[in-house]
Protein chains: 2
Amino acid sequence: MTETIEDTDAVDLLDALVQLSFAVTAVLTKAAARHDLSLTQLRMLGVLRGREPKMAELAAFLGLDRSTVSGLIDRAERRGLARRTGSPDDGRSVRVSLTAAANRLAVDLVAEIGRSLAPMVDRLAQDDRRRLTALLARLLGPLPAA
Amino acid sequence: MTETIEDTDAVDLLDALVQLSFAVTAVLTKAAARHDLSLTQLRMLGVLRGREPKMAELAAFLGLDRSTVSGLIDRAERRGLARRTGSPDDGRSVRVSLTAAANRLAVDLVAEIGRSLAPMVDRLAQDDRRRLTALLARLLGPLPAA
DNA sequence: TATTGTTATACTCTATAACTATA
DNA sequence: TATAGTTATAGAGTATAACAATA
């Protein structure tokens, strides 16, 4: 019996996690679309904020193939959002960074996304928001989840 | 001052929600890929479980254009996962359903996804899992979030 | 030889516009 | 006229394989 109760709980949590993930993804996708960006370009913007990784590092961050990221950065460069710089030390590697316009866009997007998620977040009192944040932090902790 | 504290809390929660969403999406994408499915096909499978909607209803559920769903179901049908049936009452509308193979696949996927998320979920004791589930349920509640 | 990045290729996903058939 | 679905088209996202340049 206890086993059944535990199983049910676990399923409920998994379900809630997946539903939340879809809900948040929908919000992010719409926010990006308002600026003619795909979800992938939005993620790229987020990863590149304050960083200047090599192409291979960016690919690893995004969980994408290097060839995919080549095309991604091609299109971002064409739109004036990203920039490629050759490394002085290693003639093979290329560093990617955001343009000033892209940084401004990223700031706007963060604000917009906050406003879009507010109706959800506002359903919790401040105490519960803190509790939820703490629980999620533990969930995300040292996660080598595959 | 209180204002600053509240703002920081809100940002932390938004960040955690987005990070969690990406982490869960990565797990779902990998689980789908193991069966040669895209994330979209996985969602389609989930929506169609136990339902037999019209094309337009499925499109609304997935937040996609009707033409997109036409192609989606074309490919699913070609792979023996979905089936189209004409409505007797309305000669225009078409109902979509899963094949027996697709239902079996969906069951397997749910189990796999559960196992993939277990390392994350197991970081919480049963009590905390229940608390988290309750908080997420409230977040997802009557959400007309855009 | 191994690694970094790109290119060529092939598919899926996606929306817009135009169309057909039904209502 | 309006609605349900499809098709044609165009472009983004994606991975695999083959390649050039560098290490």
Side-chain angles (χ1 to χ4, degrees), chain A residues 22 25-26 28-48 52-97, chain B residues 22 25-26 28-48 52-97:
Chain A
F22 285 152
T25 298
L28 296 177
T29 301
K30 280 176 199 161
R34 263 178 251 132
H35 295 268
D36 260 294
L37 292 172
S38 68
L39 184 59
T40 302
Q41 298 272 355
L42 179 73
R43 287 177 65 209
M44 182 267 287
L45 242 55
V47 170
L48 253 38
E52 196 163 346
K54 300 175 190 166
M55 292 293 283
E57 290 167 348
L58 177 58
F61 245 133
L62 295 172
L64 297 172
D65 193 87
R66 295 196 311 278
S67 65
T68 299
V69 175
S70 272
L72 212 60
I73 297 301
D74 281 351
R75 293 185 288 274
E77 224 172 8
R78 227 177 291 139
R79 291 183 54 174
L81 296 175
R83 199 191 295 114
R84 275 184 244 236
T85 350
S87 289
D89 46 312
D90 189 333
R92 296 170 301 178
S93 74
V94 172
R95 294 208 168 265
V96 205
S97 55
Chain B
F22 285 154
T25 299
L28 296 178
T29 301
K30 280 176 201 161
R34 262 177 254 130
H35 295 267
D36 260 292
L37 292 172
S38 68
L39 184 58
T40 302
Q41 299 272 355
L42 179 72
R43 287 178 65 210
M44 181 268 286
L45 242 55
V47 170
L48 253 37
E52 196 163 345
K54 299 174 189 165
M55 292 293 283
E57 290 168 347
L58 177 59
F61 245 133
L62 294 172
L64 298 171
D65 193 87
R66 297 196 309 280
S67 65
T68 300
V69 176
S70 272
L72 212 60
I73 297 301
D74 281 352
R75 292 184 289 274
E77 223 171 9
R78 227 177 292 137
R79 291 182 54 174
L81 296 175
R83 198 190 295 114
R84 277 183 243 236
T85 351
S87 287
D89 45 311
D90 189 334
R92 296 170 299 179
S93 72
V94 172
R95 296 207 165 265
V96 205
S97 55

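Convention: sequence-line order gives letters A, B, ...; per-chain numbering from 1.
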Rounded to the nearest Å, what distance is computed from the [atom1] atom of residue [X] to the [atom2] atom of nucleotide [N]?
X	N	atom1	atom2	answer
B:Ile73	D:dA4	CD1	P	17 Å
B:Leu37	D:dG13	CG	C1'	17 Å
A:Leu39	D:dG13	CG	P	10 Å

**Study point:** Contacts of A:Thr68 that satisfy side chain to side chain contact (heavy atoms under 4.5 Å, CB included) - sequence neighbours left out
**Key:**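 With neighbours one apart ignored, the set is A:Leu64, A:Asp65.
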
Review point. Is the shortest distance from a Lys or Arg side-chain nitrogen in B:Asp74 or B:Arg79 to a carboxylate oxygen in the other one below 4.0 Å?
Key: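 Salt bridge: no.
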
Check your understanding: Say you draw a straight line from NZ of B:Lys54 to OG1 of B:Thr85; how long is it, rounded to the nearest 0.5 Å?
Key ->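 So the NZ of B:Lys54 and the OG1 of B:Thr85 are separated by 12.5 Å.
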
Review point. Between which nucleotides of DNA chain C, 5' to 3', does chain B make heavy-atom contacts below 4.0 Å?
Key: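 Result: C:dT12 to C:dA23.
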
Point to revise | Residue pair B:Arg66 / B:Ala56: nearest heavy atoms and the distance that separates them | key: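 Closest pair (atom of B:Arg66, atom of B:Ala56, distance): CD-CB, 4.0 Å.
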
Point to revise | Steps toward side-chain contact (heavy atoms from CB on, under 4.5 Å) verdict (A:Leu58, A:Ile73) | key: CA-CA 10 Å; A:Leu58 177 58; A:Ile73 297 301; 3.9 Å; yes

Would you be so kind as to tabulate the donor-acceptor pairs closer than 3.5 Å made by side chains of residues 90-97 of chain B, with sequence neighbours excluded?
| from | atom 1 | to | atom 2 | distance (Å) |
| --- | --- | --- | --- | --- |
| B:Asp90 | OD1 | B:Arg92 | N | 2.9 |
| B:Asp90 | OD1 | B:Arg92 | NE | 3.2 |
| B:Asp90 | OD2 | B:Arg92 | NH2 | 3.1 |
| B:Ser93 | OG | B:Ser87 | OG | 3.0 |
| B:Arg95 | NH1 | B:Glu52 | O | 2.7 |
| B:Ser97 | OG | B:Arg83 | NH1 | 3.1 |

Please list, one pair per line, the donor and acceptor atoms closer than 3.5 Å that link side chains of residues 36-48 of chain B to other protein atoms, with sequence neighbours excluded.
| from | atom 1 | to | atom 2 | distance (Å) |
| --- | --- | --- | --- | --- |
| B:Ser38 | OG | B:Thr40 | N | 3.4 |
| B:Ser38 | OG | B:Gln41 | N | 3.1 |
| B:Arg43 | NH2 | B:Leu62 | O | 3.0 |

Practice item. Map A:Gln41 and B:Ala56 onto DNA chain D by nearest heavy atom, then report which one ends up closer to the 5' terminus. Key: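 Going by which nucleotide is closer to the 5' end, it is B:Ala56.
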
Practice item. Tell me which residues in residues 76-84 of chain A put a heavy atom below 4.0 Å from DNA chain C, sorted by number, or none. Key: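 Heavy-atom cutoff 4.0 Å gives A:Arg84.
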
Practice item. Let me have a per-nucleotide readout for nucleotides 14-23 of chain D, 5' to 3', with B, S or -, counting only protein heavy atoms under 4.0 Å. Key: SBB----BBS

Review point. Within a strict 4.5 Å, meaning less than it, do heavy atoms of the B:Leu28 and A:Phe22 side chains meet?
Key: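 Counting from C-beta outward, B:Leu28 and A:Phe22 do come under 4.5 Å.
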
